[in-house]
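Note that ligands are numbered from 1 as they come in the structure, with each ligand's atoms numbered from 1 the same way. Side chains are part of it too, since the values below use all heavy atoms of this structure and drop only hydrogens, waters and symmetry mates. Positions are given from 1 along the sequence.
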Amino acid sequence: MVLQAIKYSRGQLEILDQLKLPHAEEYDHIYSSTDAWHAIKEMRTRGAPAIAIVAALALAVELENMKLSPIAEEVKAFIDEKLEYLITSRPTAVNLADAARKLRKVVDAAAARADASGSNVKNAYIGAAEQMLVNDVQDNEAIGKHGAEWILTNTDTSRNGQVSVLTHCNTGSLATAGYGTALGIIRSLHSQGSLKHAFCTETRPYNQGSRLTAFELVHEKIPATLITDSMAAALLRLKGPTENITAIVVGADRVAANGDTANKIGTYSLAIAARHHGIKFLVAAPRTTIDLSTKSGKDIVIEERPGKEITLIKGPRHDGVSLDLNVVETVSIAANGIGVWNPAFDVTPAKLIDGIVTEVGVVEKDSEGVFHLDGIFDDNSHETRPPTVGGI
Ligand code: MRU
């Protein structure tokens, strides 16, 4: 059975409540942009591509089920206002802002036509939002293929052609429309028999690694081991050589024009550890995550989340022997009264990144150590569909 974080058919949207995973698989109905805004803010749905797609489809569902004005300009104004609102749900992941910009363009064009009507504008919006769901899966499969090829070409495969990799946070089917980005690379290595072992971090404070990535790895029967975030450097030192850990692969919430990358807190430390241990550090992201208007990491707004995500932990009761899924408890794990800083993301400088794996190939730095990410947008296909897939 394929894990599905987003279930959509015209007029209907359900999301897998990721706060209940891995212990319960429950879907929430999303009827409107307000429902989506709350689901994103509360992290019932999360991961940069998934956030964008859920927001876009929620508005599609709202439009499909409401009585709309017959006047094109009025429907366009309604859509613009809802998109503006949806973008405020989480600031760091750029995919949602990028999706909103592209959807606005489609709506503007539909409203400017000579035969424009409210229903034409609505249909143009819905068609474009639905296409985003399809595109994301295709993009991720291409990322998986390019990333796996790159690792097998650029790292030591002398041991049975197999490598081990470490990943962080959750970048799989749950964070995207399907397949995943960094986890897609792991999936691709595994499916071609080239993966020795995957290691995943717990990813404090929200535990996307231990709850979600571990869940996906178990579900896919990929050989994998969970570590806490603080064990990564020791893992590379103590098990790197025996396990042939040749790369760390992570996703991204926003890649700036110079390659600086915002991703889940802890990514930066992993990049430093990778450099120290002489292994490759790869960022896997569709072009919807690359924001050429953000010049460098300094310009990325980092979301700060409530301190209670660090001081409290929630889950089903475990009596030491077995789980009781009927009793969900919140437990305090920090001294009462301590101050807390909880940035959800950090920025990894481009100089620590060996390659950025996109759906059109892996971007590497030039001889001066500079990424040229604008090159992958040259064909303008990011506005519609990438026609080709190939190495760069
Ligand atoms: O706070 P989250 O769970 O939304 O953070 C997710 C990440 O940082 C992912 O690594 C990133 O969005 C890429 S998902 C393909």
| Where do D98 and K102 land on the salt bridge (charged side-chain N to carboxylate O under 4.0 Å, His left out) test, with the steps shown first? | CA-CA 6 Å; D98 179 72; K102 289 172 183 160; 2.7 Å; yes

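Between the side chain of Y206 and the backbone N or O of I310, no donor-acceptor pair lies under 3.5 Å. Between the T201 side chain and the D229 main chain, no donor and acceptor come within less than 3.5 Å of each other.
Looking at A48 against ligand 1, both its backbone and its side chain come within 4.0 Å, counting heavy atoms.
Ligand 1 has an N or O atom lying under 3.5 Å from an N or O atom of R90, backbone or side chain. Here's the thing with G47: one of its N/O atoms is less than 3.5 angstrom from an N/O atom of ligand 1.
Enclosure of atom CZ in R10 by more than 12 non-hydrogen atoms of other residues, nucleotides or ligands within 6.0 angstrom is indicated.
Between T213 and N170, the side chains place a donor N or O and an acceptor N or O closer than 3.5 Å (distance only, hydrogens not considered).
Here the two rings, on Y31 and H29, have centers that are under 6.0 Å apart.
For atom 11 (C) of ligand 1, the closest non-hydrogen atom on the protein side is D253 OD1, 3.2 Å. Closest to atom 13 (C) of ligand 1, if we only count protein heavy atoms, is A252 O, 3.4 Å. Closest to atom 10 (O) of ligand 1, if we only count protein heavy atoms, is N263 OD1, 2.7 Å. For atom 5 (O) of ligand 1, the closest non-hydrogen atom of the protein is K264 CE, 3.3 Å. Of all protein heavy atoms, the one closest to atom 14 (S) of ligand 1 is A175 CB, 3.6 Å. The single protein non-hydrogen atom nearest to atom 15 (C) of ligand 1 is T181 OG1, 3.3 Å, given as residue, atom name and distance.
Cation-pi geometry between R275 and F281 is not met: the NZ or CZ atom fails to fall both under 6.0 Å from the ring centre and inside 45° of the normal.
V250 and V347 fall into different hydrophobic clusters, defined by Ile, Leu, Val, Met, Phe, Trp and Tyr side-chain heavy atoms under 4.5 Å apart, directly or through other members. A single hydrophobic cluster is not seen to contain both W37 and L16; linkage of ILVMFWY side chains at heavy-atom distances under 4.5 Å, directly or through other members, places them apart.
Residue A93 places no heavy atom under 4.0 Å from ligand 1. In this structure, Y206 has no heavy atom closer than 4.0 Å to ligand 1. The closest approach between E303 and ligand 1 stays at or above 4.0 Å for every heavy atom of the residue.
The atoms of ligand 1 that sit less than 4.0 Å from any heavy atom of Q208 are 1 (O), 2 (P), 3 (O). Heavy-atom contacts of M43 reach the following atoms of ligand 1: 1 (O), 3 (O) (cutoff under 4.0 Å).
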